[in-house]
Amino acid sequence: MPNGLIVKALSGYYYVLAEGSHDSEYIQCRARGVFKKRNISPLVGDRVAYELTENGEGTVTEILPRSSELVRPPIANVEQVVLVFSVGEPALNIPLLDKFLVHTESAGLDTIICLTKRDLWSPSASDKTDEDSSEELEAVVRLYESIGYPVFVTSSKEGVGVEEVRKRLSGRISVFAGQSGVGKSTLLNAMIPGLQLETNEISMKLGRGKHTTRHVELLRLPNGGIVADTPGFSQLDFLQVDAEGLGACFREFAPFAAQCRFRGCLHLHEPDCKVQEAMEQGRIAASRYSDYVLFLEEIRGQKRRY
Ligand SMILES: Nc1nc2c(ncn2[C@@H]2O[C@H](COP(=O)(O)OP(=O)(O)OP(=O)(O)O)[C@@H](O)[C@H]2O)c(=O)[nH]1
Ligand SMILES: [Mg+2]
Ligand SMILES: [Zn+2]
């Protein structure tokens, strides 16, 4: 049976690129019924075995073992997640960024942060000068870089930073993830000559995107590498992370957490908690710590509902 790669999933069909094939001829496949029975669904990024059927279509018969798996966006076998957040329209949402980071950490994936629409950045207070305003953005960049995440600031409109992001994706399998309207598809169009993914203005009334991209699709980069465009989303639950595991998803807590007096310290009100101490001393950012506390409450609330 031939093997292939699922490059796109749409309306119950999986588009499979035959192994070794370099053109864009896909075999349109259905999944074998047994997957549904076992509650498994093939994902974009899956390497699969398939069989050809009479009508020129195919059936996915087997999913080969995955090296990684994300639920949102649904994709298998990526090595790197690019968290795409706009600095304006929609406004930069730091708690949501921290939440996405929990998910990529818990999935064990490398993460880079891409702050888009640099041309739309404006200071949060109206009396600030231009200089103050870029300082505020630089502080965000510095914070996440200090934690260990590479950060890119881009403007697809002005062609800023696009080349740097492309280089970072070269030779790897990556996925773009972020809210609707932050400019994921626009950035990919800017990066890949000839690509014309559909894009749409955000709704000014609602301050968010219009969910333009509707499916996950793998795209080949001109200088090697594969990147997936995905539909925007902002709702994320914590079903895969429990209260005890949350702290480990905040990378910069690790050296302090190791020295807390209690094993299994949740870093809330425990005596001799080194994470709280580090936060008070400004060695852990207050915004990160408060998002940690927020997520902990959310996880506990989720549990109670069951
Ligand atoms: N000013 C400015 N606008 C941008 C930039 N990048 C994208 N946009 C605009 O932002 C809007 C949304 O862009 P999309 O690329 O459709 O956003 P998306 O993240 O793919 O959205 P979904 O597919 O809905 O998830 C479009 O009107 C783009 O032209 C930028 O760098 N600067
Ligand atoms: Mg899009
Ligand atoms: Zn602690």
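First listed ligand is number 1; within each ligand, the first listed atom is number 1. In what follows, every heavy atom counts, from backbone to side chain, and hydrogens, waters and symmetry copies are set aside.
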The criterion is ring pair (Phe, Tyr, Trp, His ring centres under 6.0 Å); which residues satisfy it with Y144, sequence neighbours excluded? none

Please report how many protein N/O/S atoms lie under 2.8 Å from the Mg ion (ligand 2). 2

Going by an N to O cut-off under 4.0 Å, is there a salt bridge joining K99 and E298? yes

Answer yes when R261 and E270 have at least one side-chain N-carboxylate O distance shorter than 4.0 Å, and no when they do not. no

Tell me whether R251 forms a cation-pi arrangement with Y149, defined as NZ or CZ under 6.0 Å from the six-membered ring centre and within 45 degrees of its axis. yes

Output yes when E164 and K167 qualify as a salt bridge under the 4.0 Å nitrogen-oxygen rule, no when they do not. no

We want to know whether S185 and T213 form a side-chain donor-acceptor pair, criterion being a heavy-atom distance below 3.5 angstrom. yes

Candidate pair F100 and F233, rule ring pair (Phe, Tyr, Trp, His ring centres under 6.0 Å), full reasoning: CA-CA 11 Å; F100 274 58; F233 61 95; 5.0 Å; yes

Please step through side chain to side chain contact (heavy atoms under 4.5 Å, CB included) for the pair V7 and V44, ending with a clear verdict. CA-CA 5 Å; V7 294; V44 172; 5.7 Å; no

Every residue of the protein that comes under 4.0 Å of ligand 1, judged on heavy atoms: K117, D119, L120, S155, S156, K157, Q179, S180, G181, V182, G183, K184, S185, T186, T199, N200, E201, H211, T212, T213, P231, G232

May I ask you to test the F295-D98 pair for a side-chain heavy-atom distance under 4.5 Å? yes

Is E163 salt-bridged to R166, cutoff N-O under 4.0 Å? yes

Can you tell whether the side chains of R142 and E145 come within less than 4.0 Å, N to carboxylate O? no

List the steps and the verdict of side chain to side chain contact (heavy atoms under 4.5 Å, CB included) for V227 and I173. CA-CA 6 Å; V227 57; I173 307 175; over 6 Å; no

Which protein N, O or S atoms sit under 2.8 Å from the Zn ion (ligand 3)? C260 SG, C265 SG, H267 ND1, C273 SG

In this structure, are over 12 heavy atoms from other groups packed under 6.0 Å from K157 atom NZ? no

